[in-house]
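Shown next, in structure tokens, is the structure this report addresses.
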Amino acid sequence: FVRIKIFQKQWYQRRVRGIKEKEKAKRELITQPNSNSTHNNTMNNSRYLQDGPPEGGYQKVNYKKMISPNKGPSGRVLLGICVGMSVVGYFEVMRMRAKRVKDAQEKRIARMNLVPYLQAESDRRYVIELKRQKEYEAKVMAGVKDFDPNEKYYESRWVPNMQPLLSYLY
């Protein structure tokens with residue numbers, strides 16, 4: 001602790017001594033013209049002191065009057081606004097998500113209501129095509145004895161073709 005105090009004291013003395021030497025050098029520059037030169041009117045020979053602040057310093061700037069610490073909302077208010085906006089945004093997202101689900105469900109129900117009509121059209125086309133195939137088969141097999149185009153080759157239950165309807169539904 002004692003060493004720190006001694007070091008601080010020495011540093012302060014050196015600092016004061018350096019400032020005094022600089023001030024003395026400035027005063028000498030102002031009072032003594034350059035005697036080494038024969039031309040006194042050139043810029044290199046003249047010594048100018050740089051402008052500095054006036055004696056006593058500049059006026060103090062009253063920044064407290066210009067910058068009020070109470071301008072604008074406090075941190076708590078800003079945090080409350082951010083939280084409120086986030087809550088409103090999340091509720092809006094949930095509301096829109098529910099609306100999207102409802103619209104998708106309505107679309108799915110509408111398509112399901114159309115399925116019987118679409119299936120009827122598909123069955124009608126199937127029956128027409130089956131009739132056309134049997135006529136062609138009867139025409140081709142006209143010369144074959146014991147051939148009946150309406151005879152069933154196998155026993156099974158008839159299942160309509162659902163592939164186009166399933167692709168339409170989903």
### Task
Establish whether M85 and V77 are linked, either directly or via other cluster members, by ILVMFWY side-chain heavy-atom contacts under 4.5 Å.
yes
### Message
Could you check whether atom CE of M94 has more than 12 heavy atoms from other residues, nucleotides or ligands sitting under 6.0 Å from it?
### Response
yes
### Query
Under a 4.0 Å N-O cut-off, is there an ion pair linking D103 with K99?
yes
### Query
In Å, rounded to the nearest 0.5 Å, how long is the span from NZ of K131 to OH of Y126?
15.0 Å
### Message
Please determine whether the number of non-hydrogen atoms from other residues, nucleotides or ligands lying under 6.0 Å from atom CD of Q59 exceeds 12.
### Response
no
### Option from L78, L79, I81 for which side chain to side chain contact (heavy atoms under 4.5 Å, CB included) with P73 holds
L78
### Task
Check the pair M141, V144 against side chain to side chain contact (heavy atoms under 4.5 Å, CB included), reporting the backbone distance first and the verdict last.
CA-CA 5 Å; M141 300 295 283; V144 178; 3.8 Å; yes
### Message
Nearest 0.5 Å, please: how far is CD in E106 from CZ in R111?
### Response
12.5 Å
### Task
Considering only NZ, NE, NH1 and NH2 on the basic side and carboxylate oxygens on the acidic side, decide whether R124 and E121 come within less than 4.0 Å.
no
### From D123 atom CG to L118 atom CG, the distance as rounded to the nearest 0.5 Å
11.0 Å
### Query
Are I109 and V101 connected in a single hydrophobic cluster, I mean Ile/Leu/Val/Met/Phe/Trp/Tyr linked by side-chain heavy atoms less than 4.5 Å apart?
no
### Lys/Arg N to Asp/Glu carboxylate O, K134 vs E137, below 4.0 Å
no
### Task
Go through the steps for R132 and E129 under the test salt bridge (Lys or Arg N to Asp or Glu O under 4.0 Å), then give the verdict.
CA-CA 5 Å; R132 193 176 63 79; E129 183 65 25; 2.5 Å; yes
